[in-house]
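For reference, the structure discussed in these notes is given below.
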Amino acid sequence: MSGLAVDFSAITIPASGLGVAVKPFILTAVVVLVLIALVHLVRLFTGWDVVVNGFVVPVWWSAPILVIFGGLAFLVWREAHH
């Protein structure tokens with residue numbers, strides 16, 4: 001049986017208007033990190049309750065998590081464009 005090998009490392013997605021190609025993993029990582037940051041931003045303003053194993057996670061914990069994940073998204077995006 002012969003197999004077909006595909007090299008996905010060569011696939012790039014052109015960034016909008018920047019003329020820089022972004023690999024799919026980088027794009028996926030940035031999107032996931034931004035979504036996590038946005039969920040925590042919404043939680044800060046809505047006060048959603050989060051309970052983990054009977055422990056109520058304080059709403060204020062979303063502030064540092066927002067900064068951490070937003071910062072990581074920015075750093076990954078910036079690294080991909082340099």
Side-chain angles (χ1 to χ4, degrees):
M1 182 171 143
S2 65
L4 177 65
V6 179
D7 182 15
F8 287 104
S9 65
I11 297 174
T12 56
I13 300 171
S16 59
L18 298 176
V20 176
V22 178
K23 291 186 178 183
F25 177 78
I26 299 294
L27 181 63
T28 303
V30 170
V31 168
V32 168
L33 291 168
V34 167
L35 286 175
I36 292 170
L38 287 175
V39 167
H40 282 281
L41 179 66
V42 170
R43 182 172 186 248
L44 277 172
F45 288 104
T46 62
W48 288 343
D49 288 333
V50 174
V51 180
V52 177
N53 200 21
F55 173 73
V56 178
V57 180
V59 174
W60 68 265
W61 282 16
S62 285
I65 293 171
L66 167 66
V67 172
I68 290 167
F69 280 91
L72 286 173
F74 173 74
L75 290 174
V76 170
W77 176 82
R78 190 180 77 180
E79 184 65 29
H81 289 84
H82 281 108

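Atom set for the values below is all heavy atoms of this structure, side chains included, hydrogens, waters and symmetry mates excluded.
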In the single-linkage hydrophobic clustering (I, L, V, M, F, W, Y; side-chain heavy atoms under 4.5 Å), do V32 and V42 co-cluster? no
Test item: L44 and L66 side chains (from C-beta on) under 4.5 Å apart, heavy atoms: yes
Specify the closest pair of heavy atoms between W61 and V57, including all atoms of both residues, with the distance to one decimal. CE3-CG1, 3.4 Å
So H40 and F69, would you call those rings parallel, tilted or perpendicular, with 30° and 60° as cut-offs? parallel
Quick one: closest heavy-atom pair of V30 and A73, and the distance? CG2-O, 4.0 Å
Nearest-0.5 Å distance that lies between atom CG in L33 and atom OG1 in T28: 10.5 Å
Quick one: do L38 and V67 end up in the same hydrophobic cluster if we chain Ile, Leu, Val, Met, Phe, Trp and Tyr together by side-chain heavy atoms under 4.5 Å apart? no
Sub-4.5 Å side-chain heavy-atom contact between H81 and V76: no
Shortest non-hydrogen separation from A37 to G70 and the atoms involved: CB-N, 3.9 Å
Hydrophobic clustering (ILVMFWY, side-chain heavy atoms < 4.5 Å, transitive) - are F74 and L27 grouped together? yes
What are the two closest heavy atoms between R43 and V59, and how far apart are they? NH1-CA, 3.6 Å
Any chance CZ of F55 has more than 12 other-residue heavy atoms, nucleotides or ligands included, within less than 6.0 Å? yes
In the single-linkage hydrophobic clustering (I, L, V, M, F, W, Y; side-chain heavy atoms under 4.5 Å), do W48 and V52 co-cluster? no
Is V39 close to L41 at the side-chain level, that is, under 4.5 Å between some pair of heavy atoms? no
